[in-house]
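Shown next, in structure tokens, is the structure this report addresses.
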Amino acid sequence: MTRFGELEEQVMLHLWAAHEPLAVREVRDALLPERDLAYTTVMTVLDNLYRKGAVRRELDGRAYRYEPALSREAHTAGLMREDWLSGGGRAGALVHFVEAMSPEQHDALRDALRVALPEVSEGPDP
């Protein structure tokens, strides 16, 4: 799973928010005024993200349009999965992670587990 640098992350956030493929110029414009980058800089970042498999691109006339290869949620889940698999004390890491959550996050986790593991949330058979 690709971990993004600071500029790559900013580009991906705009692509995820767009919900449609964007041209380099549209990505550059979305980064303004916080980041006044050269067109070629944004083009290079998008090309790097394409080579890493983080975005797909399609030729539209003479320019490419880019879109994320995965949703933001799927990307985040992949990063979490990698961290989980590489950790030594997986159960301990999970306990610390859950303990650091807010009550709202606990509720969201319970809801997610009900969806992902409905057989567990139903309890044992009588």
Side-chain angles (χ1 to χ4, degrees):
M1 183 64 46
T2 301
R3 292 196 183 271
F4 302 128
E6 180 187 347
L7 183 53
E8 289 174 330
E9 182 177 350
Q10 291 301 309
V11 167
M12 290 302 299
L13 289 172
H14 287 291
L15 290 174
W16 281 318
H19 302 293
E20 65 181 358
L22 297 178
V24 174
R25 185 162 313 283
E26 293 169 318
V27 174
R28 182 184 178 273
D29 290 348
L31 293 166
L32 292 171
E34 295 86 23
R35 302 202 69 152
D36 188 12
L37 301 168
Y39 177 92
T40 54
T41 300
V42 178
M43 184 173 59
T44 299
V45 170
L46 285 163
D47 188 57
N48 289 343
L49 288 168
Y50 173 74
R51 286 188 283 111
K52 292 177 179 181
V55 299
R56 293 185 293 261
R57 67 184 183 190
E58 182 177 314
L59 200 55
D60 182 20
R62 293 178 30 200
Y64 285 109
R65 297 186 75 74
Y66 295 85
E67 65 182 345
L70 295 173
S71 70
R72 185 175 182 185
E73 295 79 8
H75 177 74
T76 301
L79 293 174
M80 292 171 69
R81 191 175 310 107
E82 278 185 1
D83 287 346
W84 172 263
L85 293 174
S86 68
R90 294 181 188 146
L94 186 57
V95 168
H96 286 288
F97 179 74
V98 172
E99 286 177 342
M101 296 172 112
S102 69
E104 295 80 19
Q105 290 169 325
H106 284 153
D107 292 342
L109 178 59
R110 280 188 203 93
D111 292 343
L113 288 171
R114 280 188 205 103
V115 170
L117 304 170
E119 67 280 358
V120 173
S121 63
E122 292 174 8
D125 289 338

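Below, all heavy atoms of this structure are taken into account, side chains as well, without hydrogens, waters or symmetry copies. Position 1 is the first residue of the sequence, and the numbers go up from there.
Other residues, nucleotides and ligands contribute over 12 non-hydrogen atoms within 6.0 Å of the CZ atom of Phe4.
Nearest approach of Met12 to Pro68, heavy atoms of both residues: CE-CB, 4.0 Å. The minimum heavy-atom distance linking Pro118 with Val115 is given by the pair CD-O, 3.5 Å. Counting all heavy atoms, side chain and backbone alike, Ala69 lies closest to Gly53 at CB-O, 3.3 Å.
A salt bridge does not link Arg65 to Glu58: none of the charged side-chain nitrogens sits closer than 4.0 Å to a carboxylate oxygen. A salt bridge links Arg28 with Asp36; the closest basic N to acidic carboxylate O contact falls under 4.0 Å. Salt bridge absent: Arg25 and Asp29 never bring a charged side-chain N and a carboxylate O closer than 4.0 Å.
With sequence neighbours left out, the ring-ring contact (aromatic ring centres under 6.0 Å, His included) criterion links Tyr64 to no other residue.
Residues Met1 and Leu49 are members of separate hydrophobic clusters, defined by side-chain heavy-atom contacts under 4.5 angstrom among Ile, Leu, Val, Met, Phe, Trp and Tyr. Residues Val55 and Tyr39 share a hydrophobic cluster, clusters being chains of Ile/Leu/Val/Met/Phe/Trp/Tyr side chains in contact below 4.5 Å. In the hydrophobic clustering of this structure, Leu117 groups with Phe97; members are Ile, Leu, Val, Met, Phe, Trp, Tyr whose side-chain heavy atoms approach within less than 4.5 Å, directly or through other members. Under the 4.5 Å side-chain heavy-atom criterion for ILVMFWY residues, a single connected hydrophobic cluster contains both Val11 and Tyr50. Residue Val98 is grouped with residue Leu113 when hydrophobic side chains (ILVMFWY) are merged at heavy-atom distances under 4.5 angstrom, including chains of intermediate members.
Separation of atoms CZ (Arg81) and OG1 (Thr76) is listed at 11.0 Å; rounding is to 0.5 Å. The distance from the NE2 atom of His14 to the CD atom of Gln10 is 6.0 Å, given to the nearest 0.5 Å. The CG atom of Leu31 lies 12.0 Å from the CD atom of Glu26; values are rounded to the nearest 0.5 Å. Remark: Arg35 CZ to Glu6 CD distance equals 4.5 Å, nearest 0.5 Å. Note that the CH2 atom of Trp16 and the CD atom of Glu9 stand 7.5 Å from one another [nearest 0.5 Å]. In this structure, CG in Leu109 is found 4.5 Å from CE in Met101, a value given to the nearest 0.5 Å.
With respect to Thr44, the side-chain contact (heavy atoms from CB on, under 4.5 Å) criterion is satisfied by exactly one of Asn48, Thr41, Leu46: Asn48.
Contact annotation: the side chain of Glu67 never approaches that of Leu15 to less than 4.5 Å [non-hydrogen atoms, C-beta and beyond]. Between Met43 and Asp47 there is no side-chain heavy-atom pair separated by less than 4.5 Å. A heavy-atom distance below 4.5 Å is found between the side chains of Arg72 and Leu13. A 4.5 Å side-chain heavy-atom check between Val45 and Leu37 finds every atom pair outside the cut-off.
Looking only at distances, a side-chain donor or acceptor of His75 sits under 3.5 Å from a matching main-chain atom of Thr2.
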